[in-house]
Amino acid sequence: MKTYKEEIAELLVPHTGLTAQEIVWAITLPQHLDHGDFAFPCFPLAKKLRKAPPAIANDLAGLIKPVGAITKVEALNGYLNFFIDPADFAKRTLGAIALQGAAYGSSSRGAGKTVVIDYSSPNMGKELAFHHLRGTMIGNSLGKLYKRAGYRVVRINHLGDWGTSYGKLIVMFLRDGLKESDLEAMTIERLNALYTAFSNAAKDDPALEDQAREAFQRLEAGDARYRGLWQAFKDITLKELQRIYGFLDVEFDSYTGEAFFLDRMPATMGLLAGKNLVKASQGAEIVDLTEHNLPPVMLRKTDGATLYITRDIAAAIYRKETYAFDRCLYVVDNGQSLHFQQLIKVLELAGFDWYKGVEHVPFGLVLIKSEEGGWEKGKTRSGQSSLLKDVIEGAQEKILGIIREKNPEATNKEGLALQIGVGALVFSELKNRRLNDIRFEWDKALSFEGDSGPYVQNAHVRLCSILRKSAERAGRTGADHPAQAGVGGIDFTKFPEPQAQSLIRTLSLFPDKVGTAIEANDPCPMAQYALEIAEGAHGFIHSCRVLGSVEEKDRLFLIDCARIALGQTLDLIGVPPIEEM
RNA sequence: GCACCAGUAGCUCAGCUGGAUAGAGCGCUGCCCUCCGAAGGCAGAGGUCGCAGGUUCGACUCCUGCCUGGUGUACCA
């Protein structure tokens with residue numbers, strides 16, 4: 001079926017000398033309802049026709065006869081405004097939602113293409129901190145968005161599981177007199193404590209740093225005992241990670257961390273040397289990028305050990321070979337921008353033309369309000385831990401109290417509180433543009449009012465509640481989902497209220513919003529869109545009684561379509577679309 | 001020094017490939033529950049879109065320069 005824009009373009013082609021494609025591209029959505037549904041700006045034609053834009057608009061308005069769903073064409077301020085029959089608009093929009101259901105907004109733009117997304121990627125031996133949440137949820141959302149656009153998506157957690165840090169862990173483990181038999185009882189908290197203990201001890205005993213480097217060298221050399229400890233530490237970390245990811249409903253297709261690429265180091269170094277890129281400098285091996293206005297890339301330290309970026313180069317090549325990706329996205333904080341500029345430049349210089357598909361997707365800091373009132377990285381509140389699990393539990397606890405007060409009959413209050421808490425935290429991190437530093441305020445994020453996770457979840461809950469009550473009235477169990485039955489019997493002229501019109505217009509934007517989010521590699525447009533739907537839903541529910549009204553059947557249908565669109569939007573950004581709260 | 005990012009209402013932020021009168025939330029002033037969830041809705045006050053140039057019929061949006069702030073910058077990851 002043709003879109004409205006395409007229909008309008010057909011009308012304009014004979015009079016403008018533009019192609020249909022150019023016109024579709026130029027058509028915009030008016031900001032004000034009384035300006036119609038679509039607008040064609042006549043300004044670009046002014047030079048070509050040597051006429052003032054308002055005059056062109058007037059001429060075109062006289063030449064074009066409304067046909068089909070287009071009911072009126074009007075010239076205003078140099079724009080040609082098109083008005084669509086509201087019933088037709090409602091039928092197309094809601095019909096598409098009813099037909100596609102949970103697949104609403106799917107497209108084939110990514111058909112046959114593969115995108116690899118690297119996100120979260122914490123360091124092993126440490127617990128997920130609050131600041132890991134943003135990148136994790138951005139990557140999670142991008143994965144879902146790309147899937148909806150028809151891409152094959154490979155989600156990778158590039159664990160930081162190699163480096164001197166693991167020498168430190170081993171040193172402290174042995175220094176405490178611990179043995180392999182103690183690994184059974186080892187927890188992530190205790191591993192974390194070993195790190196802290198190391199930094200404290202190293203202040204008094206600088207020799208510890210050397211011991212850690214030695215331990216890491218033994219690890220790299222393949223010492224069996226050290227490798228065994230390392231593997232045990234990694235297993236403990238993974239188990240805990242998956243527990244937290246479970247709370248967030250985040251998944252990965254691969255956990256290939258840095259260590260996975262160790263045996264590819266010689267080949268990678270050889271490949272770069274073969275391209276004449278490797279240079280000796282102060283006892284280390286580097287790639288000199290001065291003529292590209294970048295600092296040098298260190299591939300190998302004086303002690304012979306490889307570095308982070310060396311493994312990243314190997315990993316990029318491996319991913320290309322393994323997944324044949326068209327695009328490879330690294331969702332990593334903006335502080336790493338130099339690193340990724342270097343990585344991509346090295347891939348280019350090495351002659352890999354696919355470097356063009358490799359892209360850093362940076363995001364800004366999450367700043368916390370300090371006691372002095374300033375903004376800083378780190379702790380969520382003075383004296384309070386910045387571990388992600390503690391933040392989630394804190395949110396859950398606070399919300400549990402509110403649920404007990406506002407909805408004492410709710411079943412599974414703990415589970416609901418967790419989903420609302422996660423929704424609140426996730427929404428507060430995704431509603432802003434990716435690159436903006438976020439000023440996180442605990443109370444605001446968990447606020448039950450305004451532009452918040454609970455606000456958008458609440459709109460979904462109210463829609464579900466009406467559908468549930470509808471079933472209840474008819475003696476059915478569960479909730480009614482009239483959209484599943486299709487558009488048969490629905491009277492699309494029954495939505496004349498401005499609140500209904502506004503809601504339908506908002507629902508029609510879903511596919512465009514998915515596209516916008518993907519082009520920007522940013523879930524933010526989707527989160528903003530969730531607010532728009534929620535606002536539209538609240539407005540409609542407030543002013544248009546559904547159950548018991550003359551238009552009950554038609555309004556229930558609209559409610560169900562709004563529920564689908566909002567539920568899908570929430571799912572795409574990783575906010576749990578709950579049905580009661 | 002170089003690199004990346006940000007600067008829009010008192011505060012926290014939206015604003016699609018340049019387009020019609022720059023939008024929300026919080027806070028502030030008021031109003032609306034005999035009515036499907038008030039975790040909601042409605043109204044009001046509040047802006048020289050960091051500064052200066054440039055491109056354009058048209059700039060919050062693009063370009064250049066500056067100012068301010070954040071982050072990063074070879075032997076950590």
Side-chain angles (χ1 to χ4, degrees), chain A residues 25-26 28-32 35 39 41 43-44 46-47 52-53 76-79 81 121 123 160-165 258 281-286 293-303 305 307-309 311-312 333-341 360 362-365 367 375 377 402-403 406-407 420 428 431-433 435-441 443-444 447-452 454-455 457-459 461-462 464-470 473 499 509 512-513 515-516 519-520 524-525 527-528 531-532 535 538-539 541-549 552 555 559 580-581:
Chain A
W25 181 250
T28 62
L29 306 183
Q31 289 168 18
H32 303 280
H35 289 163
F43 310 98
K47 197 169 270 177
L76 182 68
N77 301 338
Y79 286 88
N81 291 331
S121 307
N123 291 331
D161 59 2
W162 205 250
T164 323
S165 299
E258 291 188 68
S281 171
Q282 298 170 31
E285 290 177 66
I286 65 159
N293 200 23
L294 286 169
V297 170
M298 180 169 287
L299 297 170
R300 200 197 288 278
K301 302 193 283 182
T302 30
D303 67 5
L307 287 103
Y308 178 43
I309 193 156
R311 282 163 243 146
D312 257 3
D333 74 86
N334 195 27
Q336 302 289 323
S337 66
L338 202 50
H339 167 82
F340 285 103
Q341 281 182 50
H360 179 208
F363 56 89
L365 263 33
L367 302 168
W375 296 95
K377 289 170 80 171
I402 301 172
I403 293 178
K406 300 209 180 200
N407 188 5
I420 297 169
S428 77
K431 75 171 179 185
N432 296 340
R433 287 185 70 108
L435 271 159
N436 256 353
D437 288 348
I438 290 180
R439 289 155 211 285
F440 180 84
E441 290 176 78
D443 292 332
K444 199 171 275 185
S447 159
F448 276 41
E449 291 160 12
D451 290 354
S452 65
Y455 176 83
Q457 286 179 317
N458 181 236
V461 164
R462 291 181 72 188
C464 289
S465 173
I466 291 172
L467 294 164
R468 226 170 20 238
K469 288 215 162 62
S470 165
R473 286 183 159 209
Q499 291 84 357
L509 265 27
D512 289 343
K513 296 290 180 182
T516 304
E519 272 154 36
C524 164
Q528 293 291 331
L531 286 171
E532 289 175 39
E535 198 181 337
H538 280 308
I541 292 171
H542 183 260
S543 58
C544 302
R545 171 84 200 183
V546 176
L547 299 178
S549 69
E552 174 174 316
R555 287 180 174 175
I559 290 283
E580 63 168 335
M581 64 195 291

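Keep in mind that this is a model prediction, so the values were computed, not measured. Every chain is numbered from 1 and lettered A, B, ... according to where its sequence line falls, protein lines coming before strand lines.
- Here the side chain of Asp333(A) pairs a donor or acceptor atom with the backbone of Gly335(A) at under 3.5 angstrom.
- Classified by its glycosidic torsion, C51(B) falls in the anti category, the angle being over 90° from 0.
- Counting atom types as modelled, Ser465(A) pairs no side-chain N or O with a base atom of C36(B) as donor and acceptor under 3.5 Å.
- Pro525(A) comes within 4.0 angstrom of no nucleic acid atom, judged by non-hydrogen atoms across all strands.
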| request: Could you summarise the pairing of RNA chain B as dot-bracket text, marking Watson-Crick and G-U pairs under 3.5 Å with ( ) or [ ] inside the strand and | across strands? | output: (((((((..((((.....[...)))).(((((.......))))).....(((((..]....))))))))))))....
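- Here Pro44(A) lies in heavy-atom contact (under 4.0 Å) with a base.
- Nucleotides G47(B) and C60(B) are separated by 12 Å at their C1' atoms, to the nearest Å.
- For the residue pair Asn77(A)/His35(A), the side-chain donor-acceptor check at 3.5 Å is not satisfied.
- Taking the 5.5 Å centre cut-off and the 30° plane limit, the aromatic side chain of His35(A) is classed as stacked on A20(B).
- For Glu552(A), the side-chain hydrogen bond (donor to acceptor under 3.5 Å, both in side chains) criterion is met by no residue, not counting sequence neighbours.
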Write out a two-atom table: protein N or O, nucleotide N or O from nucleotides 1-8 of chain B, distance below 3.5 Å.
residue, atom, partner, partner atom, Å
A3(B), O2', Gln341(A), NE2, 2.7
C4(B), O2', Asn334(A), OD1, 2.9
C5(B), O4', Asn334(A), ND2, 3.3
C5(B), O2', Leu435(A), O, 3.4

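- By the 30° and 60° cut-offs, the orientation of the rings of His538(A) relative to Tyr455(A) is tilted.
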